[in-house]
Amino acid sequence: MSDVASLVAAAQRVLLSNYRQAPIAMSRGQGCQLWDTEGRRYLDMTAGVAVCVLGHADEGLATAIANQARRLVHTSNLYYVENQVRLAEALVARGFPGGRAFFCNSGTEANEAALKLARRFQVTTSGRPKRLEIVAFENSFHGRTVGSLSVTGQAKYREGFGPLFGPVKFLPFGDVEAARKGITAETCAVIVEPVQAEGGIHLPPPGYLQEVRRVCNETGTVLIFDEVQTGVGRTGTFYAFEKERVLPDIISLAKGLGGGVPIGAILATGEVAKGFEPGTHASTFGGNPFATAAALYIQEAIDRLGLLERCREAGAYLANSLTRLAERRRPRTRGARGRGLLQGLVLDGDAAPLVNKAREYGLLLSAVGGNVVRLVPALTVGKAEIDEAIEILDRALGDV
Ligand SMILES: *Cc1c(COP(=O)(O)O)cnc(C)c1O
């Protein structure tokens with residue numbers, strides 16, 4: 001396994017070539033650090049794409065997973081799963097009173113469930129069966145399966161797959177007038193990220209999501225918040241919508257939910273939840289004892305370690321450091337933006353060369369929205385690690 005070149009060659013023979021991958025493979029981790037198969041250390045500001053909220057190789061998570069695996073990994077949803085019920089209770093108690101949960105295995109599946117539920121609610125339950133149109137936003141990202149892809153507002157992801165799910169109407173994100181005009185009595189549902197992450201870390205203007213909520217209420221439209229990336233504390237509150245003082249009708253979650261163990265979920269209000277009756281939707285693996293044990297451990301750890309507060313503090317420190325770096329490195333940089341530990345450094349051009357250079361220097365980052373370098377470290381990240389990341393970024397900026 002230590003010969004990366006032969007691993008890459010084998011991968012190119014037996015894997016589909018749908019990913020653009022760096023020519024390294026990781027062999028172990030600890031907190032915000034990773035070591036590759038050749039023993040090189042990296043500081044990880046990607047956390048597996050905003051997934052590993054406790055960092056790598058967390059001892060408590062490892063124990064919770066191991067203990068559950070020794071008892072029961074999977075039973076299907078033919079029977080009740082106790083962990084699933086406890087997890088639903090915990091997610092509802094985080095700030096979605098009266099909510100009901102459905103569990104699946106990824107972000108895109110959570111959005112599929114959200115879209116199907118919204119459709120079924122309008123078509124069979126709300127008395128508005130003609131309402132089929134989904135309103136989504138330019139620059140959004142909701143996943144790669146056909147339904148989620150259809151509402152993803154980036155043409156490059158949708159091209160070449162033939163007819164997708166629809167009708168879908170895309171509106172400019174953050175434009176109040178466009179929302180007032182575009183969300184109508186024909187609209188089934190609006191799907192929106194509280195902070196657009198993959199599209200380049202775009203924050204909504206103050207009051208914007210409240211206005212979207214108001215128009216949805218007025219028109220009887222189901223409001224879906226895609227919190228797959230922003231949820232589970234990433235922006236400093238458990239749900240990003242808490243800061244906006246607005247409640248959606250459906251929330252989708254995934255990335256951070258299991259701390260790296262694949263699990264997705266939707267929560268729906270009691271009213272909208274009526275759209276699903278027995279037989280209308282399902283997932284074989286969804287909410288299995290193993291994945292929900294991991295997610296329950298994450299729930300407990302967030303409180304025990306005070307991770308929401310730590311995320312707000314570390315996020316402010318990171319945002320500050322990035323802003324100062326951006327000022328020092330003008331005109332290569334245009335600024336920094338984000339919320340909590342979802343932060344971006346905005347460049348004057350393609351972010352990929354900087355990401356590659358930083359990796360050579362031992363810092364892992366990812367590029368989003370073309371010209372933005374994204375930093376989404378574990379919620380446990382320390383100030384010294386942030387300082388180290390800024391120092392390497394600065395050096396890499398000097399070189400590209
Ligand atoms: C990552 C992401 C998804 C897709 O999640 P997968 O688990 O990759 O299917 C959907 N929505 C948002 C906002 C995301 O960031």
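In each ligand, atom 1 is the first atom listed, and ligand 1 is the first ligand listed.
Interface of E193 with ligand 1, defined as ligand atoms under 4.0 Å from a residue heavy atom, comprises 13 (C). Annotation for ligand 1: atoms under 4.0 Å from non-hydrogen atoms of Q229 are 15 (O). With ligand atoms numbered from 1 in the order given, ligand 1 contributes 10 (C), 11 (N) to contacts under 4.0 Å with heavy atoms of N111.
Among E112, E198, R144, H142, the residue whose heavy atom sits closest to atom 10 (C) of ligand 1 is H142. Residue V228 holds the heavy atom nearest to atom 3 (C) of ligand 1 of all those in L257, T145, V51, V228.
Closer than 4.0 Å to atom 8 (O) of ligand 1 lies none of the heavy atoms of the protein.
The protein heavy-atom contact nearest to atom 6 (P) of ligand 1 is G107 N, 3.5 Å. D226 OD2, 2.7 Å is the protein heavy atom nearest to atom 11 (N) of ligand 1.
Within a 6.0 Å sphere centred on CG of L78, heavy atoms belonging to other residues, nucleotides or ligands number more than 12.
With contacts defined as side-chain heavy-atom distances shorter than 4.5 Å, the pair Q68/T292 does not qualify. With a 4.5 Å cut-off on side-chain heavy atoms, L364 and M26 count as touching.
For S283 against C104, the heavy-atom pair with the smallest separation is OG-CA, 4.3 Å.
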Would you check, one step at a time, whether the test salt bridge (charged side-chain N to carboxylate O under 4.0 Å, His left out) holds for D348 with R329?
-> CA-CA 11 Å; D348 71 339; R329 286 290 183 179; over 6 Å; no
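Note: no N/O pair closer than 3.5 Å links E109 and ligand 1 by distance alone.
With a heavy-atom cut-off of 4.0 Å, V49 does not touch ligand 1 at all. Proximity of K255 to ligand 1, defined as any heavy-atom pair under 4.0 Å, is confined to the side chain (atoms from C-beta onward). At a 4.0 Å heavy-atom cut-off, ligand 1 touches T108 through backbone and side chain alike.
Note that CG of D303 and CD1 of I298 are 12.0 Å apart. Values are rounded to the nearest 0.5 Å.
Judged purely by distance below 3.5 Å, without hydrogens or angles, the side chains of R71 and N67 never pair a donor atom with an acceptor atom.
Between F276 and H281, the ring planes are parallel. Angles under 30° get that label, and only those over 60° would be called perpendicular.
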